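Reviewing the structure listed below.
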Amino acid sequence: FSFFFSSEGFSFSSFFLAIEAGAPKVPPLMYTTTLPEFPSAAAALAKLPAMVTLGWKGRLWRLPQLLLLALSALAAFLFMAAAVAVVRLIRWHIDTYWTWYTQHYWLPLAHRVAQDGQPVLKGVQHVLCEAYGPGPQRVLHILTPDQQPDDVLQDGGYRTSKQVHLTPETCQQDIPRHDPAQPALVYLHGGGFCAANSSVLLHSVTMFVRQGFTVYSVEYPRAPENVYPEAVVAVLQALAHLRTRRGVSSVTLLGDSAGGNLVAVATSLICNPHMMHDFITSNNLSRVLGHLEYPEIDLLICMYALLDRSSWLQRRLRSTALLIQLAGPWVVDFCLRLYNPDGHGTHATFLEPADSLTVFPRVLFVAGRRDPLLFSSLAAHHKLRTLGFDTHLRVFDAFHGYFGFPPTWISPYFRAQSEQTAQFLTQFLRAQKVQRRAGGHGPQAPLQQLPTSPVLLGSPMPTVSADGTMAGCATANPERAREEKSQEQQQAQSQKESSKLERIVTAAKETLADATIRSTAQQQQQPQQ
C-alpha cells in the first residue's frame, strides 16, 4: 500500500509517527523521490504483542494504528504478489510466443533490419544453441561469421537457408570449437534480472558478427525463482565453458541493463582473485566455482547498466516524461528486490565492492540522456576513474533500452541514435581489434596513461595510443591517481589566481580610462570658462 502511494508522495512513516505522537491531523502530502521502507506483514505482526499487553484504553487508542498496519501489510503483500504474477506472465509470453516468432519470422526475413541498418542475419552463418549447464536457462546462442552470399527468393522476400536454433530442445552437442582467428564477444541481455531472454534480443548483436566476431549470447537464470547469486554463478560457468569446452582464450564482454551489471561483476571477480575467494566463501560455492578456469577479458562494455543501488533514487532528469520520473525508480527497485530480496549480497551490484578492485580491463559505459540509470553509469565511471583505470563514457540522447528495440519499432529520431551507437561501437571495437593484433600487454599490465577526455558527450572517438594499454586487465595505480588529482588541484588554483589577477587588471584599466576621460573633459571646459 505504501509502495503504491509513495509514488504520489504520501509518506506512511510520517503518518505512523503522527499517530503515535498524538498529532491532531495527518501530515500533508509531500512530493519526494526517496523510497521509504513500506511496512510489511512481518512488521505488522511484530507489533501485535505490544498492543495486546496494553489496557483497554491503550488498545482503543492503538486500534487505528493496528488497522492501518494490517491494511498496509495486506495491500503490500497483494501488490507484490500481483507484480510477481505480472512479471511471470510477461516472461512466459516472451519465452513462448516471441521466441517462436523470432526464430521463424523475425530473423530470417530481409526487411527485418538490425541496429546497423543491415538485414538481421546478413553475414551470419548459423545461429546454434549449446547448453553450458543443467536446466533450460543455461544455454548459449552461438552466432558465427559467414563469408558466403545470402540466398534471395524470387518473390522478393529474403529468407536464408541458415540454421536458426533458439530453444533448449534444439541444443546441439557436436558444434565445432571456436576459431582462434575470430575474436569472441560474449553478450548478456537485460530485462531487470527477471524478464526478457537471449533469443528476442539477438537482433541487437548480429552487427558484431558482421564485424568478424563470433558472438556468444548467454541465457542465465532469472528472478524471482532464481535469486542472487544464481545469475552471477551462471555467467561464470558460461565463461568457464567457453574456456574449457570451446577453446576461447580471450573475450570481449558486452551487457545491457541488468546484463551490464552481471558482466561487470563477473569481470571484477575474474580479474581479482581475492574478490573471487570472498565471493566463493561467503556464498559456499567452492564445489561449483572452485576449480574453474576463465578466458582473459580484453574489453568490457556496459550499456545503460544498473551498477549500484542508490545513485538513481534521489535524482531525476528533466528530459524524461513525468511518468518515467515517477515510475522508473520504483520499477528498478522492484527488480532489485526480486533479484536480491534480503539486500545483503556484496556482489549483487558492481559498485558495492568496487573499492577492492586492483585489476580491471578497459571499460566503456554507454548511457542514454533520458534514462534514469544514467546516474549509475556516471557513478561507475567516476569510481573507476578515481581508482586509476582506463574508463570511457559515451552518452546519447535516448531512453533506457533504446539499443535493444528493433529499429522499426521506435521513432526516426531514436532510430538515428541507435544507428549512431552502432557506428560508435563499430569504431571502438575496430580500434580494439587493431590494438590486439599489434600485440598488447597481458592481464597484469599497468595502465600507462589515462585518457584525456573520459566523458564523451557526442564527441568523436578518442584516439587510441599504441602502447598496448587497451588489451587485458590494467592494474590500478593509486599514487598516480593522487598525483593527477594534486596536479588538477594546482592547475585549478593557478587558473583561479590568474582569473583574479585578470579581473584586477581589467578594473584598473577601466578606472584609468575613466580618469583620463574626466581629465580631458575638464581641460576642454577651462578655456570656455
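Remember, predicted model here, so these are calculated numbers, not experimental data. All residue numbers in this chain count up from 1 along the given sequence. Values reported hereafter were calculated over all heavy atoms of this structure, with side chains retained and with hydrogens, waters and symmetry mates removed.
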Less than 4.5 Å apart, any side-chain heavy atom of [X] and any of [Y]?
| X | Y | value |
| --- | --- | --- |
| Leu239 | Leu253 | yes |
| Trp312 | Pro329 | yes |
| Cys302 | Phe350 | no |
| Thr391 | Phe360 | no |
| Leu374 | Val395 | yes |
| Leu254 | Phe213 | no |
| His392 | Phe428 | yes |
| Ile297 | Ile270 | yes |

Inset, instruction - Take the angle between the ring planes of Trp98 and His93 and call it parallel below 30°, perpendicular above 60°, tilted in between. - result: perpendicular

Legend entry - is_close_aromatic(His189, Tyr220), centroid dist under 6.0 Å: yes

Legend entry - Ring centroid separation Phe403 to Tyr187 under 6.0 Å: no

Test your reading of the model: is there a side-chain donor-acceptor pair from [X] to the backbone of [Y], 3.5 Å cut-off?
| X | Y | result |
| --- | --- | --- |
| Gln137 | Arg222 | yes |
| Asn261 | Ala348 | yes |
| Ser217 | His141 | no |
| His274 | Ser356 | yes |
| Asn272 | Thr358 | yes |
| Asp256 | Tyr304 | no |
| Arg210 | Lys122 | yes |
| Thr214 | Leu143 | no |
| Glu219 | Asn197 | no |
| Asn283 | Leu285 | no |

How long is the span from the [atom1] atom in [X] to the [atom2] atom in [Y], to the nearest 0.5 Å?
| X | Y | atom1 | atom2 | result |
| --- | --- | --- | --- | --- |
| His347 | Thr349 | NE2 | OG1 | 10.0 Å |
| Leu425 | Gln211 | CG | CD | 8.0 Å |
| Asp308 | Ser376 | CG | OG | 4.0 Å |
| Phe424 | Gln417 | CZ | CD | 13.0 Å |
| Ser310 | Leu336 | OG | CG | 10.5 Å |
| Gln237 | Tyr294 | CD | OH | 8.0 Å |

Inset, instruction - For Val124 and Asp146, work out which heavy atoms get closest and say how close. - result: C-CB, 3.6 Å

Inset, instruction - Give the minimum heavy-atom separation between Gly212 and Gln182, together with the two atoms involved. - result: O-CB, 3.8 Å

Inset, instruction - Decide yes or no on side-chain contact (heavy atoms from CB on, under 4.5 Å) for Val186 and Val248, but give the supporting numbers first. - result: CA-CA 11 Å; Val186 178; Val248 178; over 6 Å; no

Legend entry - His277, NE2: over 12 other non-hydrogen atoms inside 6.0 angstrom: no

Inset, instruction - Using a cut-off of 6.0 Å, state whether more than 12 heavy atoms not belonging to Arg177 lie near its atom CZ. - result: yes

Inset, instruction - Measure from NZ or CZ of Arg246 to the centre of the six-membered ring of Tyr216, then state whether that distance is under 6.0 Å and the direction lies within 45° of the axis. - result: no

